[in-house]
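Only one structure is covered here, and it is reproduced in the block below.
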Number of protein chains: 2
Amino acid sequence: MEKEVTIYDIARLLKLSPATVSRALKDHPAISAGTKRLITAAAEEMGYRSNTFASNLRRQRSNTIGVIVPRLDSAFMSTVLAGMEKIVNEGNYNLIISQSLESVRKEKANVKTMFDSRIDGLLVSLSSDTDDLSHFQPFFQKEIPVILFDRVLPHPNCTSIVIDNVRAGYDAAVHLVRQGRKRMMHVSGSQKRNVYEERLRGFRQALAEHGLADDLVLVGNLTRQDGLDAARYIRQLPQPPDGLFVASDFCAASCIGALKEAGFAIPNDIAVVGFNDDPVAQVVEPRLTTIRYPGQEMGEIAAQSLISHLSGQPPVTAANTIVLNHELIVRGSSTP
Amino acid sequence: MEKEVTIYDIARLLKLSPATVSRALKDHPAISAGTKRLITAAAEEMGYRSNTFASNLRRQRSNTIGVIVPRLDSAFMSTVLAGMEKIVNEGNYNLIISQSLESVRKEKANVKTMFDSRIDGLLVSLSSDTDDLSHFQPFFQKEIPVILFDRVLPHPNCTSIVIDNVRAGYDAAVHLVRQGRKRMMHVSGSQKRNVYEERLRGFRQALAEHGLADDLVLVGNLTRQDGLDAARYIRQLPQPPDGLFVASDFCAASCIGALKEAGFAIPNDIAVVGFNDDPVAQVVEPRLTTIRYPGQEMGEIAAQSLISHLSGQPPVTAANTIVLNHELIVRGSSTP
DNA sequence: CTCATTCATGCAACCGATTGCATTTTGCTT
DNA sequence: AAGCAAAATGCAATCGGTTGCATGAATGAG
């Protein structure tokens, strides 16, 4: 392994000081254009690469942003990450990504790792059983910005980026009502998580406004198995629902499959609405009515506001919560 | 922002030298047990966190492993990543992940970024239009290990981790033959990529052995749209296939949907086999026969061999290619 | 032609952990 | 009590880039 080229090597070759070389490479205004050209040319020529560690050590920042998500393997998350990556690259930051796998324990470990690697800021979507933000305390103490997205918890030190889940749940329910459905059911996720609790709340609110019962609510993990279980549950009901709102497309899809096997016609017997506009929504039969969620945009906005926070004025964060728009997409699973 | 605690602070407090503190925290054998206890206690107490940058700078290594994948949003990739993360954590390394989005251009940029952040090793699954490994030259020159997985290209400096795709394609075809199918079709991906080229090769080989024609082959990107296009293509064939092998579950699923709409019965008119055992395989109707791919295991093995390479003897890598087992999972899409 | 500015560059002290070698301390042995 | 090996600790240089301040050079005004 040959030795690395350093600014000292460049300086020696060009009979300049390391300080000048450093400044030139950083495009510092005090360096003349000619010298800059010389230096960048030499650097290129010699195969110089800046030593991030030395730089980070001296500047006391890492130019790295951490992301913690519940799982990487959701279509939604990957669009969010794509959005983040785009913005973060443009701003010359790096990303380190980790997944909590829906466990607070792992989330805490991730937070600690992130803290120890001295990231400049953190973007988090909470695990399903996270109760409070106490494990982020070290970040708050050091005034390292933490931005929550999608699955959030209110906190004075955190900006949250969300959609209006209450409204989305409301929209889903109203859509079913407009299809003439009377007996509604909802399959939801952990009620500790704002997203699920709020969707349920909106759902109930809409039903109440239309004088409909809201007693059919199942809470689970929104997995494939939960979809099957929901179908089995429906099957043994004396009076099964005719409208079903599931807080996740994948779960909705597996539920639809089981319902069809059990002899229910979709949408005639039961109209179904999912959530997220996951690719699976277009593959399942009939195609799934769902709520489109602006993942890429959410990622971009989260990253953007973190970076502007980092480079600019903390007081900019007048907005403690940013709400994005969602959209109901109507497909065959809820209309003839 | 209060100042950070350093080993100097600990040393001063305990009237020891920074060297001793550093060694104690690293559990160096030359430090007495008592002193170690004192030091770790003090470190804990004072809220010390090691400065990775200083350490990396001094030790000339980052303890970080880079991963480049075509896309994050596939169920398969996320199981691979989960496997990697597990191993890498245990070995006290960090991960940085980036996606090439199936473009060589982006892949090259990612490689450069990885190189500049001085990762200790690289794990890569190639983008669909990568022709050669020339952009990895800097890594080869510096003898930084590069391990390819899943989508590989042969190279003397790289270990590859793969499944036997020829055999998998062969297995899929033989399975269809055993179901009594005579007219086979295959939907594949970029033939630049070993995985797709090899599956096709195995498929053809099996057909040849059974004296069947192999003229029905479609090459695309294995997207949803490609699935729909394949169905449209089949529909206008004078003599449509009765056996279909698609090199990706998601694409197979969308194709099945379109075929059913076009009036084909699955599996009676056309028996379908997918690839990967993606979750969607269990949601589509009928459930999809497919090839299970040991993603988690592949991630673990890739990470494992990289780490052992890093900490041990490079000659250990006598194996230039590691082949994992796959498995045909038979479900309703190919059998009555 | 002189003196005051502006512009460009250099000096040197960091940032915090690591490690080869030197030195001290400890524990035994005789 | 002296001698000595082994065990424990300290010294000081090093990794490479950054930045406040000082210095030297060039430019312009009077």
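Every chain is numbered from 1 and lettered A, B, ... according to where its sequence line falls, protein lines coming before strand lines.
Whole-Å rounding puts the B/Arg59 CZ to D/dT14 C1' distance at 15 Å. In this structure, A/Asn56 places its CG atom 16 Å from P of C/dC15, rounding to the nearest Å. Rounding to whole angstrom units, CD1 of residue B/Ile7 and C1' of D/dC11 are separated by 13 Å. In this entry the distance linking CZ of A/Arg12 with P of D/dG17 reads 12 Å, nearest Å. Protein atom CG of B/Leu57 is 10 Å distant from nucleotide atom C1' of C/dT18, rounded to whole Å. A/Ile39 has its CD1 atom 14 Å from the C1' atom of D/dT18, to the nearest Å. In this structure, the CG atom of B/Asn51 is 13 Å from the C1' atom of D/dC15, given to the nearest Å. One interatomic measurement links the two molecules: NE2 of B/His28 to C1' of C/dG20, which rounds to 10 Å at whole-angstrom precision.
B/Ser55 has no side-chain polar atom (N or O) that falls below the 4.0 Å cut-off from OP1 or OP2 of C/dG16. The phosphate of C/dT9 (OP1 or OP2) has a side-chain N or O of A/Ser32 nearer than 4.0 angstrom. Contact annotation: A/Gln60 side-chain N/O to C/dC14 OP1/OP2 distance is not under 4.0 Å. Put simply, A/Ser17 has a side-chain N or O that comes within less than 4.0 Å of OP1 or OP2 on C/dG10. Put simply, A/Tyr8 has no side-chain N or O that comes within less than 4.0 Å of OP1 or OP2 on C/dG10. The side chain of A/Thr35 places an N or O atom within less than 4.0 Å of a non-bridging phosphate oxygen (OP1 or OP2) of C/dT9. Distances shorter than 4.0 Å separate none of the side-chain N or O atoms of B/Ser22 from OP1 or OP2 on C/dA17.
Looking at B/Glu107, its side chain never comes within 3.5 Å of a backbone N or O of B/Ser100 through a donor-acceptor pair. Although no hydrogens or angles enter the test, the distance criterion places no donor-acceptor pair under 3.5 Å between the side chain of A/Arg23 and the main chain of A/Ile31.
Counting atom types as modelled, B/Arg23 pairs a side-chain N or O with a base atom of C/dG20 as donor and acceptor under 3.5 Å. Side-chain atoms of A/Arg49 and base atoms of D/dG16 include no donor and acceptor less than 3.5 Å apart.
Residue B/Lys36 is classed as having no contact, given no heavy-atom separation below 4.0 Å to the nucleic acid. Using a 4.0 Å heavy-atom cutoff across all strands shown, B/Leu16 reaches sugar-phosphate atoms only and no base atom.
Electrostatic pairing of A/Glu102 and A/Arg193 does not count as a salt bridge here, judged by no charged N lying under 4.0 Å from a carboxylate O. The residues B/Lys192 and B/Asp129 are annotated as not salt-bridged, no charged nitrogen and carboxylate oxygen being separated by less than 4.0 angstrom.
Distance from the side chain of A/Ala19 is smallest to C/dA12 among C/dA17, D/dG16, C/dA12.
Between A/Phe136 and A/His155, a ring centre-to-centre spacing not shorter than 6.0 Å is recorded.
Between B/Pro29 and B/Arg118, the residue whose closest nucleotide on DNA chain D is further toward the 5' end is B/Pro29.
B/Leu25 is listed as a side-chain neighbour of B/Thr40, based on a closest heavy-atom distance under 4.5 Å.
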